[in-house]
There are 2 protein chains.
Amino acid sequence: MESDPSIRQAGALSGPCSRWPAEHGETIRQIIERAGNKWAVLVVSSLQGGPLRYTDLLHSIPGLSQRMLTHTLHQLRRDGLITRTAYPEVPPRVVYALTDLGTTLLIAITTLIDWAGTHHDEIQDNRTRFDTAEAIT
Amino acid sequence: MESDPSIRQAGALSGPCSRWPAEHGETIRQIIERAGNKWAVLVVSSLQGGPLRYTDLLHSIPGLSQRMLTHTLHQLRRDGLITRTAYPEVPPRVVYALTDLGTTLLIAITTLIDWAGTHHDEIQDNRTRFDTAEAIT
DNA sequence: CTGTATCCACGGCGATACTG
DNA sequence: CAGTATCGCCGTGGATACAG
């Protein structure tokens, strides 16, 4: 089993950052991190087109391991972003789908993806220039 | 469409996810991860109010170590999200500020933060319920 | 098919000490 | 003040094997 990242170093971030809504700083940070999690984002966006089965998800996301899929699904389910429906059949069939909440998150994430797409070239260019300038130094 | 070539590469994640604009998958993933990086988000949002010096940043973000601040500033600067201005004085004075690009990212990120703020309670509730149900099982 | 458990390598990150 | 360098812990996540 893997320890939940929410149990990280209690001492450090006890005080919420003053820039965000302070009351919920802790949870909000966790949510932001979830949204920044590669696998979580990929799973959610894979479910955009409709419900999918475990194996379908596994194969629709290149590089995703069973371990991480299971872990990610667990997290997302815990947050109420997706639902799990198991049919008592043989062989077993389990279907995952976005909840309404999950859908709204997807929309928010899409904003970011759009931003990334829009500024992709600019950033790529910045990096190249930065690295070049650094190499001279 | 069945894609089942030998997917055994580790870490690399060579194949972009089909759900996003494929051409830029690599970079976009990195950008998303940057946006999900705790320190990067905090630094950027700390600069929202205007330029700040190294030490100011260090003190305005609880839990942030010198190492991580330096590292994060380096990253953000490389992407062209912030600028660094050093004044040749004694003692040295260095000021960091958001670029226009950085400002647009902040706006995109703010969307996410707002989402997090809006659904904070709902998620908290979901988690509690999920953990409770699990404990019974 | 749908997971769960174990092993382990790699990297993130905090702590600390030192330089210009 | 504004970094850089080094060390060490431990979380992350891939590979693999096993179970329901």
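We use all heavy atoms of the structure for the numbers below, so side chains are in, but hydrogens, waters and symmetry mates are not. Chain A is the first sequence line, chain B the second, and so forth, proteins listed ahead of strands; every chain is numbered from 1.
Hydrophobic cluster membership of A:Tyr87, counting Ile, Leu, Val, Met, Phe, Trp and Tyr whose side-chain heavy atoms lie under 4.5 Å apart directly or via other members: A:Val95. Grouping Ile, Leu, Val, Met, Phe, Trp and Tyr by side-chain contacts under 4.5 Å, direct or through others, leaves A:Val90 on its own.
As rounded to whole Å, 13 Å separates atom C1' of D:dG11 from atom CD of A:Gln75. One interatomic measurement links the two molecules: NZ of A:Lys38 to P of C:dG11, which rounds to 13 Å at whole-angstrom precision. The CG atom of A:Leu58 sits 14 Å away from the P atom of C:dT4 (whole-angstrom rounding). One interatomic measurement links the two molecules: CG of B:Asn37 to P of D:dG11, which rounds to 18 Å at whole-angstrom precision. Whole-Å rounding puts the A:Glu33 CD to D:dG11 C1' distance at 12 Å. The distance between atom NE2 of A:His59 and atom C1' of C:dG3, rounded to the nearest whole Å, is 14 Å. Atom CD1 in B:Ile61 sits roughly 16 Å away from atom C1' in C:dG14 (whole-Å rounding). Atom CG of B:Leu69 and atom P of C:dA15 are 14 Å apart (whole Å).
A heavy atom lying under 4.0 Å from DNA chain C marks the following residues of residues 84-92 of chain A, by number: A:Arg84, A:Pro91, A:Pro92.
Listed pair A:Thr55 / C:dC1 meets the phosphate criterion, a side-chain N or O lying under 4.0 Å from OP1 or OP2. When the side-chain nitrogen and oxygen atoms of A:Tyr96 are compared with OP1 and OP2 of C:dC1, none of them lie within a distance under 4.0 Å. For the pair B:Arg53 and D:dA2, the criterion of a side-chain N or O lying under 4.0 Å from OP1 or OP2 is met.
Under the rule for a side-chain contact (heavy atoms from CB on, under 4.5 Å), the partners of B:Thr110 that lie at least two apart in sequence or sit in another chain are B:Leu106, B:Asp114. In this structure, the side chain to side chain donor-acceptor pair (under 3.5 Å) partners of A:Asp131, at least two apart in sequence or on a different chain, are B:Arg78. Annotation: ring pair (Phe, Tyr, Trp, His ring centres under 6.0 Å) contacts of B:His71 (sequence neighbours excluded): none. Partners of B:Asp56 according to the side chain to side chain donor-acceptor pair (under 3.5 Å) rule, which considers only residues two or more places apart in sequence or in another chain, do not exist here. Remark: A:Thr85 pairs with no residue by the side chain to side chain donor-acceptor pair (under 3.5 Å) rule, at least two apart or across chains. Partners of A:Glu122 under the side chain to side chain donor-acceptor pair (under 3.5 Å) rule, at least two apart in sequence or in another chain, are A:His119.
Judged purely by distance below 3.5 Å, without hydrogens or angles, the side chains of B:Gln75 and A:Arg127 never pair a donor atom with an acceptor atom.
Taking five base pairs at each end of the helix from C:dC1-D:dG20 to C:dG20-D:dC1 and finding the rotation axis that steps the C1' atoms of four pairs onto the next four gives two axes whose angle is 40°, to the nearest 10°.
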Close N/O contacts between protein and nucleotides 4-7 of chain D (under 3.5 Å):
{"from": "D:dT4", "atom 1": "O4", "to": "B:Gln66", "atom 2": "OE1", "distance (Å)": "3.2"}

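Between A:Phe130 and B:His74, the angle of the ring planes goes over 60°, which puts this pair in the perpendicular group of the 30/60° scheme.
The stretch residues 84-107 of chain A participates, sequence neighbours left out, in these salt bridge (charged side-chain N to carboxylate O under 4.0 Å, His left out) pairs: A:Glu89-A:Arg93.
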